[in-house]
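Each remark here refers to the structure printed beneath this line.
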2 protein chains.
Amino acid sequence: MKRYPDAIRILVAIDCIIFGFDGEEIKLLLVKRNFKPEQGKWSLMGGFLDQHEDLEAGASRILYNLTGLKDIYVEQIMTAGKVNRDPVERTISVVFFALINIHDHDQEAVKTHNAAWLSLEKKPKLIFDHDEMVGKAIEFLRYKAALHPLGFELLPERFTIPQLQKLYEAIYNMKLDRRNFSRKILLTGLLIDTGEKDHQSSTKKAGLFRLDKERYKNKFYSFWHFMPHPGLVEPL
Amino acid sequence: MKRYPDAIRILVAIDCIIFGFDGEEIKLLLVKRNFKPEQGKWSLMGGFLDQHEDLEAGASRILYNLTGLKDIYVEQIMTAGKVNRDPVERTISVVFFALINIHDHDQEAVKTHNAAWLSLEKKPKLIFDHDEMVGKAIEFLRYKAALHPLGFELLPERFTIPQLQKLYEAIYNMKLDRRNFSRKILLTGLLIDTGEKDHQSSTKKAGLFRLDKERYKNKFYSFWHFMPHPGLVEPL
DNA sequence: TGGAATTGTGTCAAATTCACACAATCTATT
DNA sequence: AATAGATTGTGTGAATTTGACACAATTCCA
């Protein structure tokens, strides 16, 4: 009962780029494949789209299976469709981008899937066009994090300003001035001082902050900006 | 010979959002359908992906068929995949975003396809989820144009500063101060004064500028910025 | 010839950024 | 318990950028 008889039908995969931050560097949750093709090599976590499933639902399912987490920050970033990108059969892959707190996920599920957190800088070559996808994802992260208070998704509930700075330094691969960073970030009004101190640090204990979630929602479009942003401009 | 026997295969469409600027408002090149389904209604220009065609190639083909133009600014912006978005058969649509000079295209081809430039603000409701796609495209345009010297793609080779300002005002749907805008835009060093004047305008003739294409390439990532941009940061 | 509309250029106060200095807190060591 | 080393919290001033204006010049038209 095909009403578009001339058009071709193609396999649709979903691949997830899962970012985490361990306090020092950006990490990716990757899978060492124990199935074919490309068995034994590393790849992004992925799967095929189900019959009655929306794309976002497919991404959520895959992310849930691997991490046991729901309600995480997920966004579609691109679709890869080169003719020969999958050597087995033509497949287009819709790529999703997820940010999670590296300490907050189901360790068992990760082990079951043969997955691990690998450093972005030292990761091995991935299968197919997955390296290209990761490149796009970093680019996307750098854009988005410059415009929106997105980094918090990678940090624990309570965090210190030096921690936040290290995250930004990792994202942009550059050093930032401690004093200017602190001033700028506090001026956003997004941080609430919990009054507590971080007992992890070895010398002077840094103050612990948490995100003002109410303001986060409202200020999502006014983090650091120049031109007005989509959410602020009256929609046409 | 299907090696992924359990997975489903889905129709893949390509839809193009084509922006133009007539000097006053942002316009979309839309098609009044003389075919089913939804005959007689307006929609984005689209088509199905061919057997041996990459996504970008498909977008270029569709754009070329409608406008007769090659080498235009095209970028993939999203993929729509809701289960019932096409009532006939499940179809996922990869959406592309194109910027063209509204005066520079094949009028005949446009007529043949039953297409027309409609004002973004006054456009009719489009079929399926095409309105949603247009919404995403405007959002994308607003982001991108705030960070990169993208607007020039919508203007003729030579343009005046007031013209450029009107474009920005149309994109962001806001008034800008003439003097501050002029200062800012000239400071980017992207504009070359041709010495000529625009004889279209009715009172004082505005000076005609053109884009410094060499600098445009180099400064694409440093138009107006805060945090360093993907292209400037050393890739990981 | 003068008025209306529009363009080109300039000024100045306010806000923001950048590049620093210094004091306070905590651990470890003597 | 005193001190050195490391790290955090806060401040200061010069330079730059922004925002809100004023005014002169050009062109058409009455």
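Proteins come first, then strands; the chains are lettered A, B, ... in the order of their sequence lines, and each starts at number 1.
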- So, does the side chain of B/Arg183 form a donor-acceptor pair with the base of D/dG19 at under 3.5 Å? yes
- In chain order, what residues pass the side chain to side chain donor-acceptor pair (under 3.5 Å) check against A/Arg61, with sequence neighbours excluded? A/Glu53
- Query: Has the side chain of B/Thr194 got a donor or acceptor atom that lies under 3.5 Å from a matching backbone atom of B/Leu208?
  - Reply: yes
- Task: Under the side chain to side chain contact (heavy atoms under 4.5 Å, CB included) rule, collect the residues that match up with B/Lys213, sequence neighbours excluded.
- Result: B/Glu157
- Note on the structure: note: A/Lys184, atom NZ; C/dA15, atom P; distance rounded to Å ~ 18 Å
- Message: Rounded to whole Å, please give me the gap between CZ in A/Phe181 and P in D/dT7.
- Response: 17 Å
- From CG of B/Asp198 across to P of C/dT7 the rounded distance in Å is 9 Å
- Whole-Å distance between D/dG9 P and A/Leu191 CG? 11 Å
- B/Leu176 CG to D/dT18 P, in whole Å, measures 13 Å
- Partners passing ring pair (Phe, Tyr, Trp, His ring centres under 6.0 Å) against B/Phe209 (at least two apart in sequence or in another chain): none
- Pairing residues for B/Lys123 by the side chain to side chain donor-acceptor pair (under 3.5 Å) criterion, not counting sequence neighbours: B/Asp131
Going by atom type alone, with no hydrogens or angles, which donor-acceptor pairs under 3.5 Å involve a side-chain atom of residues 95-106 of chain A and a protein atom two or more places apart or on another chain?
{"unit_1": "A/Asn101", "atom_1": "OD1", "unit_2": "A/His103", "atom_2": "N", "d": "3.0"}
{"unit_1": "A/His105", "atom_1": "ND1", "unit_2": "A/Ile102", "atom_2": "O", "d": "3.0"}
{"unit_1": "A/His105", "atom_1": "NE2", "unit_2": "A/Trp117", "atom_2": "NE1", "d": "3.4"}
{"unit_1": "A/Asp106", "atom_1": "OD1", "unit_2": "A/Glu108", "atom_2": "N", "d": "3.0"}
{"unit_1": "A/Asp106", "atom_1": "OD1", "unit_2": "A/Ala109", "atom_2": "N", "d": "3.2"}

- How close or far is atom P of D/dT8 from atom CD of A/Gln165, stated in whole angstroms? 9 Å
- Task: For each nucleotide in nucleotides 21-30 of chain D, reading 5' to 3', give B when a protein heavy atom comes within less than 4.0 Å of its base, S when such contact involves only the sugar-phosphate, and - otherwise.
- Result: BB--BBBS--
- Query: Between D/dG9 atom P and A/Ile185 atom CD1, what is the distance in whole Å?
  - Reply: 14 Å
- Query: In whole angstroms, how far is the C1' atom of C/dT9 from the CG atom of B/Asp193?
  - Reply: 14 Å
